[in-house]
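Here's the structure we're looking at; comments come further down.
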Amino acid sequence: MQRVRLRYTKRGRLRFTSHRDFQRAFERALRRAEVPMAYSAGFTPHPKVSYANAAPTGTGSEAEYLEIALTEQRDPGKLRELLDESLPDGLDITDAVEARTSGLADRLTASVWELRLEGVAAEDAERAVAAFLAADTVEVQRRTKNGMRTFDARAAVAGLEATPAPSDRPGQGPCAILRLVVRHVTPAVRPDDVLSGLRAVADLAPPVPAAVTRLAQGLFDEESGTVTDPLAPDREAVTAAPQKAAGPAAAPEPTGAGSA
């Protein structure tokens, strides 16, 4: 059985698709592309697809991940092309690699988010960010299926900075962009929780909802403060495999006057 890991996006209007909607669209794409899927056992077999840490509905993403199990070997690059052609624009398969290591979900420990705040001046956003980062704790509330829950939004934030939007962006008026690096903890701290925290500590309230996009997710490097590519270990293992299989070069036969 072959396992392949895929990176996909949610762009434009497709950011409003729920995780269940994406599952249905992806399973249709598997059938259209005639992918030789492995299926679960039991009375209602379903394709063996493992989804990892999906973005909330309404947020865009450039870095969603899943893993599929196949009954026949396929080239990951060709498989990526076939599936990408079978999905609607906005749900795009951008990378594929054969799984050669374990624990993809364990390598998704942090996310990088971009939050576009239309109607907010960069200076106001910078002041709010400074107040948020200076706080020891920032308590926010979120409604869950068990009612309202209060938790600290500050501890999970590994990085937060504000910059002005590019001058050539479409639209007019002020616009600030926040770049947020947040660790995956329990309970999960989402971008809207950080926005609630900015409102609590600095009264920052964008006049329109923020446009939120996940730019990356993977292992968080404490030294550099960056998030690394979770598929890199699999790519490295694929590259190293042929060299390991070949083994060391055989020693040459001895030559010289003493040879027979």
Side-chain angles (χ1 to χ4, degrees), residues 5-10 15 19 50-67 94-95 101-117 125-146 148-163 176-202 204 206 209-236:
R5 289 168 177 167
L6 305 172
R7 174 174 174 166
Y8 66 95
T9 71
K10 288 173 62 180
R15 70 186 185 276
H19 183 56
S50 299
Y51 300 91
N53 196 41
T57 302
T59 62
S61 181
E62 295 294 315
E64 301 297 288
Y65 293 92
L66 60 82
E67 179 178 301
T94 58
D95 201 358
T101 62
S102 61
L104 173 63
D106 294 336
R107 295 203 289 270
L108 303 179
T109 63
S111 288
V112 181
W113 296 91
E114 178 187 271
L115 291 69
R116 297 178 66 90
L117 309 182
E126 289 169 0
R127 284 193 291 270
V129 165
F132 183 95
L133 295 177
D136 293 328
T137 61
V138 178
E139 289 193 346
V140 299
Q141 290 186 323
R142 186 202 304 153
R143 184 174 298 280
T144 69
K145 61 182 180 181
N146 296 321
M148 293 298 293
R149 182 169 186 177
T150 301
F151 57 95
D152 178 21
R154 174 65 184 89
V157 174
L160 180 62
E161 60 180 350
T163 59
I177 294 180
L178 302 185
R179 185 178 178 89
L180 167 68
V181 181
V182 62
R183 296 181 181 89
H184 299 167
V185 296
T186 303
V189 173
R190 302 172 180 172
D192 58 332
D193 298 322
V194 175
L195 290 173
S196 296
L198 291 170
R199 185 181 302 111
V201 300
L204 184 72
V212 180
T213 303
R214 174 149 56 191
L215 303 179
Q217 64 171 322
L219 277 175
F220 181 69
D221 187 322
E222 294 286 349
E223 292 186 4
S224 64
T226 59
V227 173
T228 61
D229 178 8
L231 300 184
D234 295 300
R235 270 191 287 271
E236 292 167 2

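By convention here, the first residue in the shown sequence is residue 1.
Considering every non-hydrogen atom in both Leu195 and Ala210, the closest pair reads CD1-CB, 3.8 Å. Minimum heavy-atom separation, Ala153 to Val189: O-CG1, 3.9 Å. Of all heavy-atom pairs between Asn53 and His184, the closest is ND2-CE1, 3.0 Å. Among all heavy-atom pairs drawn from Tyr65 and Tyr8, the shortest one is N-CE2, 3.9 Å. For the residue pair Gly218 and Val227, the shortest heavy atom distance occurs at N-CG1, 3.1 Å. The two residues Gly103 and Arg5 come nearest to each other via the heavy atoms N-NH2, 4.0 Å.
Panel note: side chain Ser61, backbone Lys10; no donor-acceptor pair is recorded below 3.5 Å. Panel note: side chain Gln141, backbone Met148; no donor-acceptor pair is recorded below 3.5 Å. Judged by distance alone, with hydrogens and angles left aside, the side-chain atoms of Arg127 form no donor-acceptor pair with the main-chain N or O of Ala130 at under 3.5 Å. Remark: the backbone N or O of Thr9 is not paired with any side-chain donor or acceptor of Arg214 at under 3.5 angstrom. Checked by atom type and distance alone, the side chain of Glu64 pairs as donor or acceptor with a backbone atom of Ala55 at under 3.5 Å. Without hydrogens or angle criteria, Asp152 side chain to Val138 main chain gives a donor-acceptor distance under 3.5 Å.
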Evaluate the criterion side chain to side chain contact (heavy atoms under 4.5 Å, CB included) for residue pair Leu219 and Asp106; output intermediate values, then yes/no. CA-CA 8 Å; Leu219 277 175; Asp106 294 336; over 6 Å; no

Under the side chain to side chain contact (heavy atoms under 4.5 Å, CB included) criterion, do Arg15 and Val212 qualify, and how do the steps go? CA-CA 10 Å; Arg15 70 186 185 276; Val212 180; over 6 Å; no

Check the pair Glu161 / Val129 against side chain to side chain contact (heavy atoms under 4.5 Å, CB included), numbers first and verdict last. CA-CA 7 Å; Glu161 60 180 350; Val129 165; 5.5 Å; no

As a quick check of understanding, evaluate side chain to side chain contact (heavy atoms under 4.5 Å, CB included) for Leu180 and Leu178, giving each step before the final call. CA-CA 6 Å; Leu180 167 68; Leu178 302 185; 5.6 Å; no

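Rounded to the nearest 0.5 Å, atoms CZ (Arg179) and OG1 (Thr163) are 9.5 Å apart. The distance from atom CH2 of Trp113 to atom CG of Asp192, rounded to the nearest 0.5 Å, is 9.0 Å. Rounded to the nearest 0.5 Å, atoms CZ (Arg154) and CD (Glu139) are 14.5 Å apart. The CZ atom of Arg116 sits 8.5 Å away from the OG1 atom of Thr213 when rounded to the nearest 0.5 Å. From Asp234, atom CG reaches atom OG of Ser102 across 9.5 Å, with rounding to the nearest 0.5 Å. To the nearest 0.5 Å, the span separating CD on Glu114 from CD1 on Ile177 amounts to 5.0 Å.
Arg107 and Thr101 are linked by a side-chain donor-acceptor pair at a separation below 3.5 angstrom, with hydrogens and angles left out of the test.
Other residues, nucleotides and ligands contribute over 12 non-hydrogen atoms within 6.0 Å of the CZ atom of Arg183.
Within the 4.5 Å cutoff, the side chain of Asp193 has heavy atoms near those of the Arg142 side chain.
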